[in-house]
Protein chains: 2
Amino acid sequence: MNLRDLRYLLAVAEHEHFGRAAQACGISQPTLSVQVRKLEELLGVTLFERSSKRVAPTEVCSQLLGHAQSAVAEAEAMFSVARNLRDPLAGRFRLGIIPTLAPYLLPLIFAPLHEALPQLEIEPWEDQTVALLERLRNHELDAALLATEAEGTDLLSHTLFDEPFLAALPPEHRLASRPTVSETDLARDILVLADGHCLRDQTLAACGQSGALGGALRASSLSTLLNMVAAGYGTTLIPGLAAGAAEDAGIVLRPLSTKVGRMVRIVWRSQFSRKAAVDAVRDVIANRLRGFAAANA
Amino acid sequence: MNLRDLRYLLAVAEHEHFGRAAQACGISQPTLSVQVRKLEELLGVTLFERSSKRVAPTEVCSQLLGHAQSAVAEAEAMFSVARNLRDPLAGRFRLGIIPTLAPYLLPLIFAPLHEALPQLEIEPWEDQTVALLERLRNHELDAALLATEAEGTDLLSHTLFDEPFLAALPPEHRLASRPTVSETDLARDILVLADGHCLRDQTLAACGQSGALGGALRASSLSTLLNMVAAGYGTTLIPGLAAGAAEDAGIVLRPLSTKVGRMVRIVWRSQFSRKAAVDAVRDVIANRLRGFAAANA
DNA sequence: TTCTATCATAGACAACCCCTATCACAATCG
DNA sequence: CGATTGTGATAGGGGTTGTCTATGATAGAA
């Protein structure tokens with residue numbers, strides 16, 4: 001059964017006249033006659049009582065008209081919905097963000113994103129890198145903001161900005177008096193995040209596998225880590241965007257003697273159909289963060 | 001857009017796999033790929049994100065699936081409804097009946113009709129012959145029970161039974177003592193129904209254009225007419241089926257010397273699609289009334 | 001690398017839709 | 001009463017569309 005046939009049925013029922021119904025459908029009267037006849041055979045019922053005087057819908061027909069109308073309406077609704085959603089810059093956009101980035105980056109980019117892409121409903125999802133990549137591959141995210149290289153041929157990525165690390169020290173720390181700090185100096189009493197945070201691995205990679213790693217003091221969040229440093233438990237490396245929060249916590253920040261940091265990237269599936277949305281989001285974020293790395297270098 | 005395409009869409013969305021979806025649809029995988037691609041072009045949106053690993057519905061697609069499902073469901077509902085209504089002996093059956101017949105015939109045939117045709121919902125409509133014929137031609141009735149010949153090539157009719165007329169007399173009437181009465185005797189003080197009743201015309205035809213026709217005493221219903229006769233205003237002819245009601249009113253009934261009466265017919269449009277229902281109703285009524293004319297002759 | 005699984009593409013064939021021309025029938029008009 | 005008009009049905013040709021099998025392209029697994 002073709003939706004076209006249902007339109008024909010509705011037209012004949014409305015006009016009660018094959019000629020005029022055919023005209024309304026933009027086809028010839030014989031075609032309409034044939035198609036309606038076929039529909040009758042398909043359904044196994046007589047839809048119209050024909051005479052040279054008038055064409056009248058049968059009882060069965062009038063009971064079918066409602067369904068036919070609904071079917072046609074639903075199909076038309078599909079076109080309408082598709083037309084409204086054709087713009088890739090519209091609709092829901094699920095964006096994963098790692099926990100060491102989300103609280104500091106989101107406040108910066110929410111307003112610009114909404115201004116530049118008013119139709120795009122950004123839906124942030126905070127989780128660790130591995131979980132974000134899994135959700136991305138599961139199509140539960142449209143893109144993700146990570147601080148690691150994206151692996152695999154099924155994913156693509158683009159650099160957004162360079163985020164330098166800073167040495168975070170308790171005010172009374174012995175290193176707090178120096179203008180810059182080296183990673184090896186920090187390694188003595190460095191604190192790190194819990195397993196799974198990419199920042200933990202990056203901190204360890206920068207400062208070596210030593211420090212206060214044996215204890216139970218593995219912060220579950222960057223916020224906790226900052227509190228621990230402020231309380232004098234040790235030192236750590238923090239990403240540049242967290243500088244404000246760290247200073248608010250009463251932590252002394254010092255640039256590192258070697259300009260180490262991390263690259264924040266946006267990652268998406270290579271087959272993702274709304275690449276335009278990814279590009280637009282990427283541009284807005286990159287623009288907002290332009291000059292950030294330089295200012296903090 | 002073809003409903004078939006929507007089914008394909010739903011299948012691919014369900015299986016997330018072109019091969020299995022094609023199998024479920026009973027077509028080859030290339031065909032399915034082509035058709036889905038065409039649907040995507042038609043709608044102007046990407047419906048699935050394809051990779052050799054998996055096929056995932058896009059955001060747009062998931063918003064379209066509901067509509068597609070509804071459209072398909074409505075179409076299926078049409079088949080279901082048609083299948084249920086394919087039986088011409090089921091559903092509403094609007095039956096017109098003339099007023100001089102309805103109150104006396106309906107009680108006799110309702111139960112047999114319901115027993116023989118339980119699926120048929122008989123919907124009686126009482127009106128005069130002309131109005132019934134108009135409603136019949138307007139498709140507002142499926143059939144009608146009349147006591148006149150059906151005119152025109154657009155209508156067909158079939159005789160149901162012969163209904164003899166009886167002379168109806170006040171008990172104290174001068175003719176009440178006779179075993180049979182002739183129409184000409186009745187003509188002296190005959191009463192008739194109001195305009196439009198076929199029984200009026202038939203009475204006048206049988207008894208001549210004389211009698212108490214000039215006055216205001218034209219009964220608007222047979223029931224009123226019976227009351228008038230019982231009250232001694234005059235005589236009349238009544239159809240055989242009304243005999244019981246007449247006797248209840250205290251009227252004396254006498255057979256007519258010439259066996260005059262009327263033929264009750266069922267009439268329907270020649271193009272009517274449910275002739276089987278007409279035939280069934282006809283048979284039930286004719287069976288119920290079998291021997292009625294003979295018993296009253 | 002080789003094999004396997006997946007979806008996309010190509011070309012041929014059949015079915016289907018649509019058209020114009022015509023028929024059949026009934027109603028209307030002169 | 002015959003001609004005309006209006007209606008839906010039928011016939012045959014042509015173009016489009018759906019479907020198939022065979023094959024290609026690509027990515028992942030052995």
Side-chain angles (χ1 to χ4, degrees), chain A residues 1-9 11-42 46-58 61 137-139 150-156 269-273, chain B residues 1-9 11-42 46-58 61 137-139 150-156 269-273:
Chain A
M1 179 191 296
N2 198 313
L3 277 168
R4 194 191 312 129
D5 300 332
L6 298 190
R7 280 184 243 271
Y8 294 168
L9 164 66
V12 175
E14 182 189 352
H15 292 91
E16 298 196 345
H17 188 289
F18 277 77
R20 283 190 284 278
Q23 195 168 15
C25 293
I27 57 173
S28 71
Q29 167 266 314
T31 298
L32 184 61
S33 285
V34 169
Q35 293 309 111
V36 170
R37 171 77 68 194
K38 292 178 90 161
L39 185 61
E40 284 180 322
E41 283 165 11
L42 184 67
T46 301
L47 292 170
F48 297 99
E49 199 171 312
R50 297 132 164 107
S51 74
S52 59
K53 205 164 191 175
R54 66 177 286 211
V55 174
T58 61
C61 181
R137 289 198 164 93
N138 278 344
H139 296 77
E151 78 278 17
T153 56
D154 57 337
L155 297 180
L156 295 176
R269 293 184 300 278
S270 53
Q271 301 298 323
F272 186 46
S273 60
Chain B
M1 180 192 296
N2 198 313
L3 278 167
R4 194 190 312 129
D5 301 332
L6 299 189
R7 281 183 241 271
Y8 294 168
L9 164 66
V12 175
E14 182 190 350
H15 292 92
E16 299 195 344
H17 188 289
F18 277 76
R20 282 190 285 277
Q23 196 169 14
C25 293
I27 59 173
S28 71
Q29 168 266 314
T31 299
L32 184 61
S33 285
V34 169
Q35 292 309 111
V36 170
R37 171 77 67 194
K38 293 176 90 161
L39 185 60
E40 285 180 322
E41 283 165 12
L42 183 67
T46 301
L47 292 170
F48 296 100
E49 206 174 291
R50 296 132 164 107
S51 73
S52 60
K53 202 163 191 176
R54 65 178 287 208
V55 173
T58 62
C61 181
R137 290 196 164 94
N138 278 343
H139 297 77
E151 77 280 17
T153 56
D154 57 338
L155 296 180
L156 295 176
R269 292 184 301 279
S270 54
Q271 301 299 322
F272 186 46
S273 60

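Residue numbering restarts at 1 for every chain, and letters A, B, ... go by the order of the sequence lines. Because the structure is a prediction, the values reported are computed rather than measured.
Rounded to whole angstrom, the span from the CG atom of A/Leu6 across to the P atom of C/dC17 amounts to 13 Å. Rounded to an integer number of Å, the gap from A/Asn2 CG to C/dC17 P is 7 Å. Atom OH in B/Tyr8 sits about 15 Å away from atom P in C/dA8, given to the nearest Å. The distance from atom CG of B/Leu42 to atom P of D/dT17 is 11 Å, rounded to the nearest whole Å. Rounded to an integer number of Å, the gap from B/Leu32 CG to C/dA8 P is 9 Å. Residue B/Glu16 contributes atom CD, which lies 15 Å from atom C1' of C/dC7 at whole-angstrom precision. Put simply, CD on A/Gln23 is 11 Å from P on D/dT7, counting in whole angstrom units. A/Glu41 has its CD atom 13 Å from the C1' atom of D/dT10, to the nearest Å.
Between B/Ser28 and D/dC20 there is a side-chain N or O to OP1 or OP2 distance below 4.0 Å. Considering only side-chain N and O atoms, B/Thr31 lies under 4.0 angstrom from the phosphate OP1 or OP2 of D/dC20. Taking side-chain N and O atoms only, B/His17 has a distance below 4.0 Å to OP1 or OP2 of C/dC7. Remark: A/Lys38 is not in phosphate contact with C/dC16, judged by side-chain N or O atoms under 4.0 Å from OP1 or OP2.
A heavy-atom distance below 4.5 Å is not found between the side chains of A/Asp5 and A/Lys38. Side-chain contact between B/Val36 and B/Leu9 is absent, with no heavy atoms from C-beta onward closer than 4.5 Å.
Each of C/dT20, D/dT19, C/dC18 was ranked by its minimum atom distance to the side chain of A/Gln35; first place goes to C/dC18. Comparing D/dG18, C/dC19, C/dC16 by their nearest atom to the side chain of B/Arg4 picks out D/dG18. Comparing D/dT10, D/dA22, D/dT19 by their closest approach to the side chain of B/Pro30 singles out D/dA22. Considering only the side chain of A/Phe18, D/dA9 comes nearest among C/dC18, D/dA9, C/dC7. Listed candidates were C/dT9, D/dA11, C/dC18. Nearest to the side chain of B/Ser33 is C/dT9. Among D/dG18, C/dA8, D/dA9, the nucleotide with an atom closest to any side-chain atom of A/Gln29 is D/dA9.
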A/Thr31 vs A/Gln35, test: side chain to side chain donor-acceptor pair (under 3.5 Å). Steps then yes/no.
CA-CA 6 Å; A/Thr31 298; A/Gln35 293 309 111; over 6 Å; no
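Between the side chain of A/Thr58 and the main chain of A/Thr46, a donor-acceptor pair closer than 3.5 Å is present.
Residue B/Val55 comes nearest to B/His17 through the heavy atom pair CB-N, 4.2 Å, listed as atom of the first residue, atom of the second, then distance.
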